[in-house]
Amino acid sequence: MSPAISVTVNGATHTVAAGVSVRQALDGAGGRDVIAARVNGKLVDMSRPLEHDATVEPIAADSPAGIEVIRHSTAHLMAQAVQSLFPGTQVTIGPTIEDGFFYDFAPARPFTVEDLPRIEQKMRELAKADLKVERIEVARDEAIETFERMGEHYKVEILENIPEERVSIYKQGDWMDLCRGPHVPSTRYIRAFKLTSVAGAYWRGDEHNAMLSRIYGTSFATKEALEEHLQLIELARTRDHRKLGREMGLFLFDPISPGSPFFLPKGAIIYGALVDYMRRLYRRYGFDEVITPQVFKNELWHTSGHWENFRENMFLTNDREGEAGDEVDAGSDGWRKGYAFKPMNCPGHTFVYRAEKRSYRDLPLRIADFGRLHRAERSGALHGLTRVRTMAQDDAHVFCAPEQVAEEIDLNLRMVRDVYTALGFERLESRVATMPEKHLGTAETWRANEAVLGAALDRNGLPWEENPGEGAFYGPKIEIYVPDALKRKWQLATIQLDYNMPERFDLTYTTSAGSEARPVMIHRAILGSLERFIGVLIEHTGGVLPMWLAPEQVRVLSLSEKVEDYAAEVAALIKAEGWRASADLRNEKLGFKVREAELAKVPFMVVVGEREAAAREVSLRLLRGAKGQTLGLAALLALLKAEPVPA
RNA sequence: GCCCAUGUAGCUCAGUCGGUAGAGCACUUCCUUGGUAAGGAAGAGGUCACGGGUUCGAAUCCCGUCGUGGGCUCCA
């Protein structure tokens, strides 16, 4: 006779015998689609026996926690299918991720997309077989022996790094995997899944390790939810900035300079409008813009630490094969060698600082620069405008006294707020990136500075997480992230604290007491890189940009050749008021011209026919909005003028 | 850089078993003067990414290079 324990389910407490399973304890509470439970706050399987008093919460298949469990179980199901179809394949890890799961395998040959339908088919069979999913607890040593015998060397390596003495193994049919769980009670609960892609991935994410074969997939509680998700992805594809950029004639890429956008006239307008906007903010916030060189002698990069820490990302000038380009002598062309394109503006800005003997009265000194940067990004990293080899940031460096740091960070966080609110980004995520492996300075200084950045985010009411080891080599960073159409998150704004660069360039200022002191450098960008920002902005807006950023703000559409003169006159009038306007006088039907203007995402379409010409009026059509409103020319100009522009 | 996929007209894509290229849109010209997302006709446009190889013959098969896409890694 087992001792009795009390179990609380949905607020009601019952007494049951110790050792009853979670399923029995729940006794049907929460409906038929319960796949796991939370016992005293911990997720467990339905079959787990209860030994002590507990509060048991049912987890429904379609709850967030339930979907996680299903995805994890789907990853297992996939691994089972893969190992049955491709004997000799080793399993490694298979976690859930946002929107799905993946599993990394060590197969005899890498998987290709052609393998996916077969694997999916096998998975459906296994799901239909309704295999019971069993949890078995074993001693770690025993588990190591078992997986060793099975030839699962990666699992053995994982086990060897697990501190616990006892581990859990999940079994379904004749297949098993080391796993913390929990899982669905049986494979039949896995009913709406799809394998989406294959990819290479390094074991433990380290490129020195073996390349594994990763299969991505997703899984939902119901077929409807899966369908909805797949449709959302399709929709997101239509907002891809690379597609829209081509359709809207904003920019192009050419193999002649990989990863380097050509901004076409329309794209350059967006670019310029953003720069103009930042310049207005600079005047308000007390930044001074400078223009600095593009290439510098390597000496600069040695002093700054870039040579040691960033050289692999730099374009070096060197016309001789196989040389590092570090020597500034050698031959008649020697003067040309030993330079590098700047990947950052900061070292150059120390020379602006040093232009004068500085005193505390000069601080904070805020130096802004839209200079073009070049970074030798690895070929596989390139991605449209969001990952490029040449870019300009709305970059600035604040040189300040140590006691001014908090105030200056606050000022820049306020700018971040201003800009992102003005541009309609409401959901920002913040992180503090901490000391990387390659770094300058001591760990103590790093920790102190990381704390300063965290405190600043707290002060400004921005929730944040730590991003371990991701700081710049010279100091920790505040990173602001914004998601793109496919929910990939891109780092845009950044605020970085740097005590190293001033040291290395021996920057000083005279204090009020007359002594010499070392200034602190704050590196920061609000938009980040203009290129990436424009990419994310296009996806965020689906190409429908606010009036002040629209490359073409107004297009006058003539109905027929009879009103050509009037249409041209209206367009000229609008242009004279300073708007970016054009007239479509082509010999085409109105419907055709409207369609083209819609595709070009022109916010204001001004239609003129014989009726309008006679009355000296226009018929207005707004992008994706109202149409057919007739108004006089003065009223039209007033309406345009009322369009919002950020301060 | 690594894994997988991929590269045919400006764009989106067909092209069977290897027999030296096709469509739609865009472009040019003509007809049409049309009222809010595609009017009609004709024409022009391609060293099938590049370099090798196999073959009587390669857009097609093989190898390499470059680019692109999805990931890994890296980062604004």
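The structure presented is a predicted model; accordingly, all values stated were derived computationally and were not measured. Below, chain A is the first sequence line, B the second, and so on; all start at residue 1.
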Residues in salt bridge (Lys or Arg N to Asp or Glu O under 4.0 Å) contact with A:Arg378, at least two apart in sequence or another chain:
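If we apply the salt bridge (Lys or Arg N to Asp or Glu O under 4.0 Å) test to A:Arg378, skipping adjacent residues, the hits are A:Glu207.
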Over all strands shown, is [X] touching base, sugar-phosphate only, or nothing at heavy-atom distances under 4.0 angstrom?
X	answer
A:Arg532	base
A:Gln393	sugar-phosphate
A:Gly380	base
A:Phe102	nothing
A:Leu373	nothing
A:Ala525	nothing
A:Glu610	base
A:Glu531	nothing
A:Phe111	sugar-phosphate
A:Thr196	nothing
A:Glu612	base
A:Gly259	sugar-phosphate
A:Ser213	nothing

Look at the side-chain N and O atoms of A:Arg214 and state whether any lies under 4.0 Å from the OP1 or OP2 oxygen of B:C3.
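No.
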Whether A:Lys627 contacts B:A37 is assessed here as follows: a side-chain N or O lying under 4.0 Å from the phosphate OP1 or OP2. Is that the case?
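Checking A:Lys627 against B:A37: at least one side-chain N or O falls below 4.0 Å of OP1 or OP2.
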Between [atom2] of [N] and [atom1] of [X], the distance in whole Å:
X	N	atom1	atom2	answer
A:Gln491	B:A76	CD	C1'	6 Å
A:His374	B:A76	NE2	P	17 Å
A:Trp203	B:C2	CH2	C1'	18 Å
A:Glu247	B:A37	CD	P	18 Å
A:Leu599	B:C25	CG	P	15 Å

Between A:Val607 and A:Thr112, just flag the one whose closest nucleotide in RNA chain B comes earlier from the 5' side.
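Of the two residues, A:Thr112 wins.
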Can you work out whether A:Lys477 or A:Met211 has the more 5'-proximal nearest nucleotide on RNA chain B?
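The residue closer to the strand's 5' end, by nearest nucleotide, is A:Met211.
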Side-chain ion pair, [X] and [Y], N-O less than 4.0 Å:
X	Y	answer
A:Glu596	A:Lys593	no
A:Arg375	A:Glu377	no
A:Glu470	A:Lys477	no
A:Asp240	A:Arg242	yes
A:Glu569	A:Arg616	yes
A:Lys438	A:Glu308	no
A:Lys243	A:Glu539	no

Considering only atom P, compute the distance from B:G24 to B:A42 and round it to an integer number of Å.
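Each nucleotide's P atom is 10 Å from the other's.
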For atom P, what is the distance between B:A26 and B:U68, given to the nearest Å?
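It works out to 29 Å between them.
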In this structure, which stretches of RNA chain B are paired as stems of three or more consecutive Watson-Crick or G-U pairs, both distances less than 3.5 Å?
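B:1-7 with B:66-72, B:10-13 with B:22-25, B:27-31 with B:39-43, B:49-53 with B:61-65 - these are the stems of 3 or more pairs that involve RNA chain B.
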No-hydrogen, no-angle side-chain donor-acceptor test under 3.5 Å, A:Asp104 and A:Tyr154:
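Distance-only check fails for A:Asp104 and A:Tyr154.
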Check every atom of [options] against the side chain of [X] and return the nucleotide holding the closest atom.
X	options	result
A:Tyr216	B:C72, B:G34, B:A76	B:C72
A:Met391	B:G35, B:A37, B:A76	B:A76
A:Tyr202	B:G34, B:C72, B:C74	B:C72
A:Glu598	B:C74, B:A38, B:A37	B:A37
A:Ala199	B:G34, B:G70, B:C72	B:G70
A:Val113	B:G39, B:G1, B:A5	B:A5

Classify the side chain of A:Arg387 and the base of B:C75 as holding, or not holding, a donor-acceptor pair under 3.5 Å.
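Counting by modelled atom types and ignoring angles, a donor-acceptor contact under 3.5 Å is found here.
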Kindly give the atom pairs (protein nitrogen or oxygen, nucleotide nitrogen or oxygen) under 3.5 Å for nucleotides 12-14 of chain B.
unit_1	atom_1	unit_2	atom_2	d
B:U12	OP1	A:Arg246	NH2	3.0

